[in-house]
Amino acid sequence: MSQENATANQFEFKAEVKQLLNILVHSLYTNREIFLRELISNASDALDKLRFESISGADIADNDLPLEIRIMFDKDKNLITISDTGIGMTREDLINNIGTIARSGSAEFLKKVSETNKDVSNIIGKFGVGFYSVFMIATDVVIKTRSFHKDAPAFLWKSDGLGSYEILQLDEAFKRGTQIEIHLRDDAKEFLDKYRLESTIKKHSNYISFPIYLENERINTLPAIWREPKSSVTKEQYDEFYKNLSFDSDEPLDVLHISVDAPIQFNSLIFIPKKNYDIFGFNRHEYGLDLYVNRVLIQHQNKDLLPEYLSFVKGVVDSEDLPLNISRETLQENVVFNKISSNVTGQIISHLLKMAKDDPEKYKQFWKEHGKIFRLGYSDYSNREKFAELLRFDSSSVEKVDEVTSLAEYIGRMKSEQKEIYYLSGASRDAVIADPHLEIFKNKGIEVLFLYDPIDEFVMDSLRTYKEFTLKSVEQVELKSLDKFEDIIKREKKEEPLGKDEEKEFDNLLKKIKEILGDKVTDVRASERLTDSPSCLVNPTDEMTSQMQKIMHMVNKDMSIPKKIFEVNKDHHLIRNLLKIFTADPNDEYIALVVDQLFESSLLLEGYLNDPHKLVNRIKDVLEKSSEWHSAVRK
Ligand code: ADP
């Protein structure tokens, strides 16, 4: 053919390109398919540029050509062809853009490659050398191109990727745009397969805004709805998109559509799933947002865009301001990336605040499903005030099952002199309600938040305050500070106050109890907090709460039992009887039996009783004794 006869020109590649090509030809690859992503992305860029020229009023060659990308393959010729009707290239463009590596990324890439020297397919796309990735699969590459300028000649660029390339002017009537012919290496014939090409296009280039045809069949039919104006996207479109993205058969609980133009441009679609499907932790790694640069997927499930506590959301982020070829490592240091990250985080939080206000039922559902992971947000200092607003708890004021309350609601109900927000941890509502520490709060009608998740203690510990109120565990409350609150439930003091002598005896009884318990406790004292229980264990003041202690013990694999203060309720019937027995005979064995039993019962409630055998045997003894008494009375 005569098409290649004019102004033939042979060029040497620049040294760094040679070096790069040498590596590409001689390397091993696991991810060669990314060549397609790179070439489609270049084609899409070229089409974008053309559209821009057209809007700017330039006189454009072959103006009637549709803006599109076409991919064909020919098994007999071992050939894949990718063509676009974009901006095309002049001879100078070919020399400057294809013959040289313009980007500073090349040096970095070469350094990286010489370090790993193995699989380059995972890193090639991340540096500004996308076009050359074609040599992972090609023996020869031919580019035919014609610039959009009216009357610009068409050129042919040709290279085997070894050391030089050739540029010829084409005589044939070649229309505006670029066509890349890829003559495949023998070991790359797998790409001569419709399914293979189609799935690769779908994976990386599904949302390219120009139509992509493979063998004349349109492949990318899904619009990148995140780039559309909110008002033009229907609920059905959001739902469909979400189901495609998440493999969830249900529609999302909520969707947040973000578009920001300045100072950085990005779009994002964030979905809150109805259910938390990760109850068993099997999908612990299946999270993260899909990251697009100008509609090209550059990372599936990016884990750095959002903090872990928001990992329950699904969605995409797309920015034109990020480089297409960016590595994971450099992403995290990228200023644009970090700005997008904090913006999206902030928007999700604001969205949740709005949901909590406008649609409390929906928010309740969100909290029920995702509250467990969301609680980890206590570590996000930049959003802590909003985070505190979003927290929900069970509480002594909550009556209905499954109902929760916020800190704002708590302070709305609290007593006028109250300066602290009280909480108590336990395994369940039943456990917390049975906790002797709660008794004094019940009597005074002071609301206490109930915490069932160990994380909640960390949340409270790290927040420390809400508005001007201190968050305080009931275990660490200075009991005197509660004196200002009247009892609202009249304490049914069945027992008369002790006389002077009895008080002295009671002090002796306390000493006796201390003797019995020995170094299992730090102290034994009369209790101010108890009404219904005969005794309880109390943390020495200012130490951490029992729950926190338990966590630390677990973390440190510490099996020892933390030492606490044993408090005795002077006005409890059982203790009064014990006092009588003690007064009659200070060494009556029954005293030790009861004290040990009370002590171990407290340990059992707190989850520290490692060996229940003694306790069970003692119960048997007590039952035996009480049965004797009972049968004697019935006679
Ligand atoms: P990058 O796309 O990161 O700039 P590439 O090596 O992929 O790096 O491409 C180098 C340059 O070649 C592009 O910047 C562009 O100017 C030009 N180019 C590549 N493909 C096309 C195309 N299909 N149409 C027009 N120009 C192209």
Side-chain angles (χ1 to χ4, degrees), residues 11 13-14 16-21 23-24 34-54 58 60-62 65 67-72 80-110 120-121 123-138 141-149 152 154-159 161 165 167 174-182 204-205 208-210 212 293-296 298 320-327 330:
F11 297 84
F13 279 118
K14 290 264 162 65
E16 56 184 9
V17 180
K18 265 193 204 166
Q19 207 180 335
L20 171 69
L21 287 169
I23 290 165
L24 286 176
I34 60 119
F35 84 90
L36 197 55
R37 176 189 80 181
E38 296 297 323
L39 295 186
I40 289 176
S41 159
N42 281 350
S44 172
D45 283 352
L47 288 159
D48 266 333
K49 284 179 195 159
L50 185 91
R51 195 156 54 183
F52 177 78
E53 291 294 344
S54 170
I60 286 167
D62 303 318
L65 282 179
L67 301 184
E68 62 190 25
I69 300 165
R70 289 189 177 267
I71 298 162
M72 306 291 280
I80 294 177
T81 314
I82 300 174
S83 37
D84 65 69
T85 50
I87 197 164
M89 280 178 274
T90 61
R91 188 169 181 274
E92 288 66 40
D93 288 339
L94 282 169
I95 296 169
N96 294 332
N97 299 337
I98 304 287
T100 13
I101 305 178
R103 296 275 191 85
S104 58
S106 61
E108 199 188 330
F109 173 76
L110 290 171
V120 298
S121 54
I123 52 173
I124 182 161
K126 295 165 186 166
F127 299 86
V129 291
F131 171 77
Y132 298 99
S133 65
V134 74
F135 285 104
M136 293 192 294
I137 54 146
V141 176
V142 176
I143 303 176
K144 291 178 182 167
T145 184
R146 186 163 162 229
S147 163
F148 74 101
H149 293 292
F155 290 95
L156 179 145
W157 179 102
K158 191 169 145 190
S159 175
Y165 61 92
I167 297 182
F174 188 81
K175 291 212 164 169
R176 181 200 76 219
T178 302
Q179 174 180 319
I180 299 176
E181 291 176 14
I182 305 161
H204 299 288
S205 315
I208 293 288
S209 51
F210 303 98
I212 302 172
V293 171
N294 217 353
R295 295 187 172 88
V296 178
I298 62 160
E320 286 171 7
D321 294 341
L322 281 171
L324 178 62
N325 303 312
I326 186 159
S327 72
T330 44

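First listed ligand is number 1; within each ligand, the first listed atom is number 1. Residues take their numbers from the sequence shown, with the count starting at 1. It should be emphasised that the depicted structure is a prediction, and the values quoted were computed from it without experimental measurement.
Using a 4.5 Å heavy-atom threshold, the side chains of D84 and F210 count as separate. Taking 4.5 Å as the limit, some side-chain heavy atom of I71 sits within range of a side-chain heavy atom of I40.
Contacts between N97 and ligand 1, counted as non-hydrogen atom pairs separated by less than 4.0 Å, involve both the backbone and the side chain. Using a 4.0 Å cut-off between heavy atoms, D84 contacts ligand 1 through its side chain alone, with no backbone atom that close.
Heavy atoms of M89 approach ligand 1 to within less than 4.0 angstrom.
Of the possible polar contacts, none joining the R37 side chain to the H204 backbone as a donor-acceptor pair under 3.5 Å is found.
Every atom of ligand 1 is numbered from 1 in the order shown, and the set under 4.0 Å from a heavy atom of I98 is 12 (O). For ligand 1 and F131, the ligand atoms under 4.0 Å from any heavy atom of the residue are 5 (P), 6 (O), 7 (O).
Taking S54 as the reference, I60 meet the side chain to side chain contact (heavy atoms under 4.5 Å, CB included) condition, with sequence neighbours excluded. Taking the ring-ring contact (aromatic ring centres under 6.0 Å, His included) definition, one finds that F11 meets it with Y165, sequence neighbours left out.
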